[in-house]
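All heavy atoms count here, side chains included; hydrogens, waters and symmetry mates do not. Lettering follows sequence order; numbering is per chain, from 1.
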Amino acid sequence: MTQPTTSNPTDFIRDIIDDDLRTNKHEGRVATRFPPEPNGYIHIGHAKSVCLNFGIAQQYQGTCNLRMDDTDPLGESMEFVESIIHDVRWLGFDWADRLFYASDYFERLYSFAVELIRSGDAYVCSLTPDEIREHRGSFTEPGRESPYRNRSVEENLDLFSRMRAGEFADGAHVLRAKIDMASANIVMRDPIIYRIKREPHYRTGTDWVIYPMYDFAHCLSDALEGITHSICTLEFENNRPLYDWFVEKLIPGPRPKQIEFARLNLSYTVLSKRRLIELVKNHFVQGWDDPRMPTVTGMRRRGYTPEAIRNFCAQIGVAKNDNLIDISLLEHCVREDLNAHAPRALCVLHPLRVVIDNYPEDLVEEIECPNHPQDPDMGTRKLPFSRELYIEQDDFLEDPPKKYHRLGPGREVRLRNAYVIRYESMVKDEKTGQVIELHCSYDPGTRNAPPADGRKVQGVIHWVSARHAVPAEVRLYDRLFRIEDPGSEEDYTKHLNRESLEILSSCYAESSLGTTEPGLKYQFERLGYFCADPDTAPGKPVFNRIVPLRDSWAKAAGGRKG
RNA sequence: UGGGGAAUCGUUCAAUGGUAGGACAACGGACUCUGACUCCGUGAAUAUAGGUUCGAAUCCUGUUUCCCCAGCCA
């Protein structure tokens with residue numbers, strides 16, 4: 001039944017859409033929307049929703065609107081609108097001319113509210129916030145009806161228009177739907193649909209002092225836009241009866257349907273807006289675009305690609321189970337994309353000086369080497385080779401174990417793309433005893449060729465020519481938290497990984513990297529994938545480690561140590 | 001405690017009354033001028049107790065566990 005050539009995902013939401021299409025529920029139309037509130041930056045959890053909504057639209061030749069759900073002026077701003085637009089576009093999606101704002105519907109929403117008052121389905125309630133809470137009851141006790149519940153239509157109309165006119169203070173009155181104070185579902189106990197808030201709105205300014213609540217605005221915005229499937233997260237499941245109540249009262253069919261799926265949780269990070277804000281505000285990270293942040297802007301700066309993120313979202317699937325996705329799946333998707341597309345380069349993070357004693361003093365060879373071992377189309381570049389080099393400190397051990405395929409006394413190793421060299425001697429710092437320089441000899445016949453005598457050289461290490469190398473700063477990132485599910489902890493900040501950022505300021509990159517530009521991505525061979533940071537200055541590149549390469553040696557060695 | 005949801009390998013998604021499958025992770029091996037990539041292989045799950053049925057992850061009943069809801073946030 002499955003066609004291997006078409007890999008359109010399938011999930012319970014698409015099953016519902018298939019059914020609706022079969023029964024011609026919306027004349028074959030599929031219309032979704034991504035409805036962020038512009039009060040923060042979007043993160044990988046939003047990306048899941050973006051991919052779901054826009055992905056469904058693509059798959060069914062439907063439409064997906066981008067709609068700012070901006071019904072609470074507090075904290076909303078154009079800055080966030082712009083960041084959301086930028087991020088969703090960067091993720092690879094397009095909404096043509098269908099960028100909408102709930103705030104553009106304020107006048108129509110107001111009319112809907114008046115309609116509700118006229119039909120006796122809404123009333124102005126003048127209880128204080130505390131009294132309203134008290135009247136709401138609890139899980140086990142039904143609520144009590146507001147004494148204002150049976151005001152006349154005329155009085156409600158008058159009061160509501162005066163609310164709009166700004167005659168009352170914040171909190172003096174609210175407009176409520178007249179539903180059922182005894183409902184087992186607390187959402188249905190005469191929910192508030194308008195509140196007075198003397199707060200300028202970033203788009204409507206001071207035009208309004210009353211603002212509609214989410215439950216009222218969202219479903220009607222969907223209806224106004226002709227949304228067929230209104231996809232949201234599980235915590236809104238309780239609100240669905242209210243969603244239906246409003247559209248049934250106010251919208252002649254066919255009506256939008258709300259479908260809920262489980263939001264994404266990612267291991268070793270937090271994905272709640274509140275916590276992300278705290279990380280930024282309390283300077284646990286350096287900003288919304290800190291490469292350790294799970295925000296789209298952070299991941300972009302880190303060097304994650306839209307392809308990788310989209311692929312990740314496709315792989316995690318869509319269901320109603322609470323989940324905690326292993327961050328290694330995200331890393332896998334990032335490596336998968338970068339392995340195919342990132343050019344290779346050599347960069348030494350912890351330099352150890354090497355002198356090739358038998359190499360001519362002033363000779364410089366230009367070694368032409370491929371930018372990608374499996375993709376000749378990515379071309380070649382010239383790598384200067386000379387007598388003095390840097391290699392990685394890790395690639396030499398005074399007393400190496402047997403399976404260590406690198407340099408040590410009596411050992412030889414291949415310099416990537418260049419010669420085989422043999423250890424001759426070392427120079428130690430007299431005070432610390434640390435090895436500060438190696439002397440080696442090279443085998444002139446091994447450039448681009450195996451040793452003539454057929455001996456096997458197992459190890460290959462990366463290097464740069466000391467004279468030609470470009471000094472670079474490299475920033476290594478690790479998981480933000482030390483525990484798998486910090487979001488479930490009351491005091492999650494105490495589980496922050498204090499070593500999530502390591503700055504290496506004296507690295508040496510191959511000369512070709514001197515002209516890199518922010519955003520360019522590479523695989524530094526044997527190390528990982530790296531992305532030039534915006535902090536890069538001419539001649540002084542700064543690289544972010546996107547993700548390390550898988551390292552079965554480190555794993556084995558680590559296990560041995562422990 | 002009332003209501004709304006969810007329970008399948010370590011993690012996650014699938015199987016829609018008919019062989020429990022994929023991905024990630026783990027482990028073993030092959031290949032290798034990246035201890036990468038790639039390839040091959042291994043182990044690993046239906047929360048629980050009954051019932052219906054030739055046959056149950058799937059249907060029924062009970063039990064257990066987890067998540068959401070008492071904002072004038074979304």
Side-chain angles (χ1 to χ4, degrees), chain A residues 2 9-11 15 35-37 39 69-72 74-75 125 127-129 132-134 136-143 170-171 173-176 183-189 191-197 210-211 213-215 217-218 232-241 260 262 267 273-274 312 315-333 335-336 339-340 344 346 369 372-374 403-406 413-418 420 446 448-450 457-462 484 523-528 548-557:
Chain A
T2 49
T10 174
D11 52 64
D15 288 346
E37 185 188 13
N39 66 349
D69 214 348
D70 52 359
T71 57
D72 179 3
L74 212 80
C125 178
L127 257 19
T128 66
I132 287 183
R133 182 172 355 98
E134 204 185 305
R136 193 150 34 216
S138 70
F139 291 149
T140 46
E141 305 157 288
D170 287 16
H173 308 280
V174 290
L175 185 70
R176 290 231 246 169
S183 173
N185 182 354
I186 292 176
V187 169
M188 300 298 275
R189 321 241 257 230
I192 293 167
I193 58 190
Y194 265 93
R195 75 284 210 182
I196 301 171
K197 213 174 229 195
I210 59 172
Y211 294 96
M213 298 285 289
Y214 165 86
D215 285 304
H218 197 92
C232 66
T233 44
L234 243 32
E235 67 269 26
F236 291 103
E237 215 150 17
N238 293 318
N239 301 49
R240 186 169 4 116
E260 311 86 10
S267 63
K273 209 173 256 183
R274 191 199 100 221
F312 169 75
Q315 297 216 24
I316 58 178
V318 179
K320 298 190 72 159
N321 304 327
D322 288 330
N323 59 76
L324 182 61
I325 305 286
D326 194 330
I327 196 158
S328 65
L329 179 61
L330 213 207
E331 294 176 340
H332 163 81
C333 292
R335 287 194 190 102
E336 188 177 45
N339 177 51
R344 311 287 125 126
L346 301 183
C369 48
H372 194 289
Q374 281 94 31
K403 289 203 280 195
Y404 182 82
H405 302 152
R406 310 178 193 181
V413 76
R414 157 82 61 185
L415 295 176
R416 177 67 163 162
N417 294 313
V420 170
T446 53
N448 256 314
V457 177
Q458 177 122 232
V460 179
I461 65 171
H462 58 282
E484 260 204 309
Q523 185 198 98
F524 291 170
E525 294 203 47
R526 303 210 308 133
L527 296 174
L549 250 29
R550 291 189 55 172
D551 187 350
S552 52
W553 168 250
K555 200 182 284 179

Name the residue from A:D170, A:V174, A:L175 that meets the side chain to side chain contact (heavy atoms under 4.5 Å, CB included) definition with A:R195.
A:V174
Given atom CZ of A:R335 and atom C1' of B:U34, what is their separation to the nearest angstrom?
14 Å
Same-atom distance (C1') from B:G3 to B:U46, integer angstrom:
28 Å
Any side-chain heavy atom of A:L329 sitting closer than 4.5 Å to one from A:F312?
yes
Whole angstrom is fine here: how far is it from CG in A:N417 over to P in B:A36?
17 Å
Which of these nucleotides, B:A26, B:U16, B:A23, is closest to any side-chain atom of A:R550?
B:A26
Set out, line by line, the N/O atom pairs under 3.5 Å between protein and nucleotides 38-48 of chain B.
none

Rounded to the Å, how far apart are A:Q458 CD and B:C33 P?
10 Å
If you look at every strand shown and take non-hydrogen atoms under 4.0 Å, does A:V318 touch a base, only sugar-phosphate, or nothing?
sugar-phosphate
With heavy atoms under 4.0 Å as the rule, sort A:P373 into base, sugar-phosphate or nothing.
base
Within this structure, what is the CZ-to-P distance between A:R416 and B:U34, rounded to whole angstrom?
5 Å
Starting from the C-alpha separation in whole Å, work towards a yes-or-no answer on side-chain contact (heavy atoms from CB on, under 4.5 Å) for A:L127 and A:E134.
CA-CA 10 Å; A:L127 257 19; A:E134 204 185 305; over 6 Å; no
Just jot down the salt bridge (charged side-chain N to carboxylate O under 4.0 Å, His left out) partners of A:R414, sequence neighbours excluded, or say none.
none
One should read off an interatomic distance between A:K197 NZ and A:I210 CD1, to the nearest 0.5 angstrom, of 13.0 Å
Within less than 4.0 Å of OP1 or OP2 of B:A14, is there a side-chain N or O belonging to A:T10?
no
Under the side-chain contact (heavy atoms from CB on, under 4.5 Å) criterion, do A:L330 and A:I325 qualify, and how do the steps go?
CA-CA 9 Å; A:L330 213 207; A:I325 305 286; over 6 Å; no
Quick one: are A:L527 and A:H462 in side-chain contact, heavy atoms under 4.5 Å?
yes
Select from A:S552 and A:V460 the residue whose nearest nucleotide in RNA chain B is closer to the 5' end of that strand.
A:V460
Would you sketch RNA chain B in dot-bracket for me? Only Watson-Crick or G-U wobble pairs with both distances under 3.5 Å count, crossing pairs as [ ], other-strand pairs as |, the rest as dots.
.((((((..((((....[..)))).(((((.......)))))....(((((..]....))))))))))).....
Using a 90° cut-off around 0 for syn, call B:G71 syn or anti.
syn
Nearest-Å distance for atom pair CG/P, residues A:L234 and B:C66
17 Å
Test log, rule side-chain contact (heavy atoms from CB on, under 4.5 Å), inputs A:D72 and A:Y211
CA-CA 7 Å; A:D72 179 3; A:Y211 294 96; over 6 Å; no
Can you tell me, in whole Å, how much space there is between the P of B:G43 and that of B:G22?
12 Å
What string of B, S and - do you get for nucleotides 69-74 of chain B, 5' to 3', when a contact is any protein heavy atom under 4.0 Å?
BBSBSB
Nearest whole Å is fine: how far is B:U32 C1' from A:L549 CG?
14 Å
For A:H173, the ring-ring contact (aromatic ring centres under 6.0 Å, His included) test, sequence neighbours excluded, returns A:F168
Check: A:V457 and A:T446 side chains under 4.5 Å, non-hydrogen atoms:
no
Under 4.0 Å from OP1 or OP2 of B:G35: is there any side-chain N or O of A:R526 that close?
yes
For A:R189, answer base if it contacts any base atom (sugar-phosphate contacts may also be present), sugar-phosphate if it contacts only those atoms, and nothing otherwise; contact means non-hydrogen atoms under 4.0 Å.
nothing
Given the C1' atoms of B:A6 and B:C13, what is the spacing between them in whole Å?
15 Å
When we call it a touch if two heavy atoms are under 4.0 Å apart, what does A:A340 touch: a base, just sugar-phosphate, or nothing?
nothing
Under the side-chain contact (heavy atoms from CB on, under 4.5 Å) rule, what do A:I461 and A:L415 come out as? Steps first, then yes or no, please.
CA-CA 5 Å; A:I461 65 171; A:L415 295 176; 3.8 Å; yes
Residues in ring-ring contact (aromatic ring centres under 6.0 Å, His included) with A:Y194, at least two apart?
A:F160, A:F216
With rounding to the closest Å, how many angstrom separate the C1' atoms on B:G55 and B:C68?
38 Å
Residues that A:Y404 engages under ring-ring contact (aromatic ring centres under 6.0 Å, His included), provided they are two or more places apart
none
Starting at CG of A:L329 and ending at P of B:A23, how long is that distance when rounded to a whole Å?
12 Å
Interatomic distance, A:L549 atom CG to A:E525 atom CD [nearest 0.5 angstrom]:
9.0 Å
Categorize A:Q523 for me: base, sugar-phosphate, or nothing, with a 4.0 angstrom heavy-atom threshold over every strand shown.
base
Toward the 5' end of RNA chain B, by each residue's nearest nucleotide, A:D11 or A:Q374:
A:D11
Say you pick atom C1' in B:U48 and the same atom in B:A14; how far apart are they, in whole Å?
23 Å
Rounded to whole angstrom, note down the C1' distance from B:G41 over to B:U64.
39 Å
B:C24 phosphate, OP1 or OP2, under 4.0 Å from A:H332 side-chain N/O:
yes
On a plain distance test, is the side chain of A:R240 in donor-acceptor contact with the base of B:G4 below 3.5 Å?
no
Restricting to nitrogen or oxygen on both sides, can you table the protein-nucleotides 28-30 of chain B pairs closer than 3.5 Å?
none

Contacts of type salt bridge (charged side-chain N to carboxylate O under 4.0 Å, His left out), residue A:E235, not counting sequence neighbours:
A:R263
Looking only at the side chains, is there a donor atom on one of A:N185 and A:S183 sitting less than 3.5 Å from an acceptor on the other?
no
Going 5' to 3' along nucleotides 6-12 of chain B, which nucleotides have protein heavy atoms under 4.0 Å from the base (write B), which only from the sugar-phosphate (write S), and which from neither (write -)?
SS---SS
Using atom C1' in both nucleotides, what's the gap between B:A23 and B:U63 to the nearest angstrom?
34 Å
Not counting sequence neighbours, which residues clear salt bridge (charged side-chain N to carboxylate O under 4.0 Å, His left out) with A:E237? List them please.
A:R240, A:K320
Distance, C1' atom - from B:U32 to B:C9, rounded to whole angstrom
32 Å
Can any side-chain N or O of A:S267 pair as donor or acceptor with the backbone N or O of A:E484 at less than 3.5 Å?
no
Select base, sugar-phosphate, or nothing to describe what A:F524 touches, counting heavy atoms under 4.0 Å on all strands.
nothing
For A:H218, the ring-ring contact (aromatic ring centres under 6.0 Å, His included) test, sequence neighbours excluded, returns A:Y214
